[in-house]
Asker: 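I have a structure here, written as structure tokens, and I will follow up with some questions on it.
A note on names: the letters A, B, ... follow the listed sequences, proteins ahead of strands, and every chain is numbered from 1. No experiment lies behind these values; they were computed from the predicted model shown.
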2 protein chains.
Amino acid sequence: MELTQADRQHLDKSKQDTGSLGNTDVGLKYDSGRVAHDFSCIHSKDLLPAEDGEEATKHFLQELVNILLAYINKSLKRSSKVLDFHYPHQLKEGLEGFSLELPDQPDNLEQLLVDCRDTLKYGVKTGHPRFFNQLSTGLDIIGLAGECTYESKFFSFYRFTYEISPVFILMEEVVLRKMHSIIGWPEEDGDGIFCPGGTMSNLYSVLLARFHLFPVVKTHGMSAIPRLALFTSAHSHYSIKKSAAVLGIGSENVIVGLVPFYVNATAGTTVYGAFDPLNEIADICKHHGLWMHVDAAWGGGLLLSNKHRVKLQGIERAHSVTWNPHKMMGVPLQCSTILVKKKGLLQECNQLCAEYLFQPDKHYDVSYDTGDKSIQCGRHVDVFKLWLMWKAKGSEGFEAQINHCLENAEYLYYKLKRRSDFQLVFKGKPEHSNVCFWYLPKRLQSILPSPERDRELHMVAPKIKTKMMEEGFTMIGYQPLEDKVNFFRCVFSNPATQREDVDFLIDEIVRLGCEL
Amino acid sequence: MELTQADRQHLDKSKQDTGSLGNTDVGLKYDSGRVAHDFSCIHSKDLLPAEDGEEATKHFLQELVNILLAYINKSLKRSSKVLDFHYPHQLKEGLEGFSLELPDQPDNLEQLLVDCRDTLKYGVKTGHPRFFNQLSTGLDIIGLAGECTYESKFFSFYRFTYEISPVFILMEEVVLRKMHSIIGWPEEDGDGIFCPGGTMSNLYSVLLARFHLFPVVKTHGMSAIPRLALFTSAHSHYSIKKSAAVLGIGSENVIVGLVPFYVNATAGTTVYGAFDPLNEIADICKHHGLWMHVDAAWGGGLLLSNKHRVKLQGIERAHSVTWNPHKMMGVPLQCSTILVKKKGLLQECNQLCAEYLFQPDKHYDVSYDTGDKSIQCGRHVDVFKLWLMWKAKGSEGFEAQINHCLENAEYLYYKLKRRSDFQLVFKGKPEHSNVCFWYLPKRLQSILPSPERDRELHMVAPKIKTKMMEEGFTMIGYQPLEDKVNFFRCVFSNPATQREDVDFLIDEIVRLGCEL
């Protein structure tokens, strides 16, 4: 397949960008004497399983590693941008030769490597130390290694039978048992499952609670049981409402309602990072026979810190817990668990015993075929990267990393407290790594709080954010909440972030916003 | 960290196994003059983002590629085993130094690389040309490249806002539009989403149908609407029943019931690979105003083949379609879609407009923030590997691959038809790549069909499968279904499988079973 003139120019440009891929199409020697490979005249059909495809596959994967390394390096360089923003129409028009359209004939490997590099280039570098925009940040090489290793196994996991995934089934058992013991549940109890995200974990908790109280709902539906009500706090994650909508309970039956059956307590709310009083809630649940769920998706990581786990006192009294290692523990997304105190309930609630999937007449203990516990049939193996990272860091490594993030939050908090051009949303020290604040441009600093001032203040954060994204040196999120106008929320979960990055963020907000 | 004597022995053994990792702990030169790296005294904290971590990271990732390459090569060698079976207790006891337990202190990188290699070693090589056990098989280097590239971006996707995932949002749009047009929906219609597996895709279809007919269910739950009934065939996937259980409809309300609202037609059943008559079902749905869903998780790939797409005639009349590119198209798991004909319904059904996630006052078109369309909040980027593979193969490459798989099925069918020691479950030529059959050991070949013979025959497949797994040269699934005793189901979705592998499978079954 011939490259067009535009392709060629694109490649020429690429060379200047990374220095890596650029070498490969001209047959130059690079690195420690290895001869570079020409990918422009080979296609995916020339890679393994093609006969004699071994060499080409090796060179292709090595080139990919070069691209990934260049990207990772760039992500971690403070001098590089966090993002290179383009509007949807720009990307769709095919920026600098990057075309999203799907061809009828195969592209060559040169083009595919360029596509991989461009895909990384036009994305947001969420592993950058100055990316503060979301709860899950950072970049863990061991987690990457775990994902790539597991991906090379491809399909060897999806059924979650021991037959197909012997190692991952046992890894899941080991990791879940460890998480149970950290929560404080007795060893012989406990069950759980990795879920596609925290919303699914929370959905499982509502599903289990409903089944636990009214098993008939599984076969005969909601018409066979009384109308139900769920309790949760105003700042809990929207997944609780979403679960109620999906499960046929109705989102309006959250909080107020008829037969109370479920209370969600949040350990680390999304915006403020606040913790519900778990012991008090457990007392009420015990008194009224309600299912107690703790949504510790964001706060669960603090259980690994001797200094901070006090904030989750009482979690061991919960019936179920959502805990996302992809948030505070820095595991590559996604890695989310639902942990259940009562053994067997997950299986009983979800199994349908499809004979062609789960044959009872196998030659090993079929209780290791955990596939029927989940709602979905095939599952992504999210346990391996967590397991590998746990081996790499040890529990102590996770503890140090989490303490470091909370120290960054405290550092930002004390810095802002001293300044008159910033205003904290809460006076008290943050419980989690969330720090919420307003920035006051010069002209608003001298005006006393009033509805007029708030209307002006509401427009400050979006304006700063727009400039911030167009320039691309850092990223932070903002939102309004209840009676509070748009404020910034800074969260720390990236171990690479240091005090100098916190200083940079403050300076950058001032630079972009002082004249607004 | 000192290696124990057992560790050292373990490593010594490893060297003989792969020849790759083995070199790295003794500082020998290997490959084209590169000096091997000593990983035994460095830890994950020495990798990036550590200062000066670049070299170590590079060597670590390169070593990982060597391990992956060795594994891929082994997976594709017909002379190597498909699996190396161990019982759960063997793996849990720590086979040959492979320990699943989680440490408090970090392991060194040498040990982690050994762990990666062992994890691959003790798994099932589902990319092996003689693995016939499941619908999703094969091993695609481009798919692997897509996964690894995307994983190196880590968190840059999970919210599914354009802000965070500009490229993937647009890729999803392009790929879904392509799939719509292949189904035959008008260009201006159509919506869809990538799901964590086909069960979730089917669950979405029931959820959407219910919402479409009774929008009040979202806020007020099932008590505000009449009792519902779903229709599906006896051989449809169990996910339809599971969806009914999860959504509060009740699994018993599938098939018979009260207010019919939803019909599931299956295009490619799991065991037999059979296709429901889509046009006839569409006529009935149209007449009664029912939602028509086509579960084409397994059969959808045939839409890409001019020769075979006739089997799905009428699919363009469906309201929603489940199509899993991770099955017949060979995309690494998982990659599953729910495609919806009516635009806007997905959003309307699932959105809860959490302000802190989806700010309306952004500086770009917020219709590209597709996060609120899905049930879960964060999503795994499953589109990228499909997109990259489409570029690599072109539509024509997919067509050739799918035709090849169906030719293998036909080859097996004609071979078995001619033999007296095998009996086909169905006389007709297979519609999909599923071939179902019994093997008759010598002593059963001369006995006429009878309940006694069936009782004996029922035990043949499990016995052969047990021997097959313990020896590990090939894998094939079996199951009973309705009045049919245990029979083998062979499926073809791996492009690497050739006629010689089909021959091998038959010979192997005869070798293991003839004396039973």
Asker: Between A224(B), S44(B), G394(B), G397(B), which residue shows the highest count of heavy-atom pairs closer than 4.5 Å to chain A?
Answerer: G394(B)
Asker: Between V217(A), I249(A), D104(A), who has the most heavy-atom pairs with chain B when the cutoff is under 4.5 Å?
Answerer: D104(A)
Asker: Quick one: what part of L69(B) sits under 4.5 Å from any heavy atom of chain A, side chain, backbone, both or neither?
Answerer: side chain
Asker: Excluding sequence neighbours, so at least two apart, what forms salt bridge (charged side-chain N to carboxylate O under 4.0 Å, His left out) with K391(A)?
Answerer: D107(B), D115(B)
Asker: With chain B as the partner, which of L112(A), L47(A), V65(A) has the greatest number of non-hydrogen pairs under 4.5 Å?
Answerer: L112(A)
Asker: Just by distance, no angles: are the side chains of E54(A) and N73(B) close enough, under 3.5 Å, to form a donor-acceptor pair?
Answerer: yes
Asker: Under 4.5 Å, counting heavy-atom pairs only, tell me which of L109(B), V216(B), T57(B) racks up the most with chain A.
Answerer: T57(B)
Asker: Counting only heavy atoms closer than 4.5 Å, note whether L102(A) contacts chain B via side chain, backbone, both or neither.
Answerer: both
Asker: Taking atom types as modelled, is there a side-chain donor on Q62(A) or Q62(B) under 3.5 Å from an acceptor on the other?
Answerer: no
Asker: What's the spacing between K465(B) NZ and E470(B) CD if we round to 0.5 Å?
Answerer: 12.0 Å
Asker: Under the rule for side chain to side chain contact (heavy atoms under 4.5 Å, CB included), what residues qualify as partners of S223(B), not counting sequence neighbours?
Answerer: R227(A)
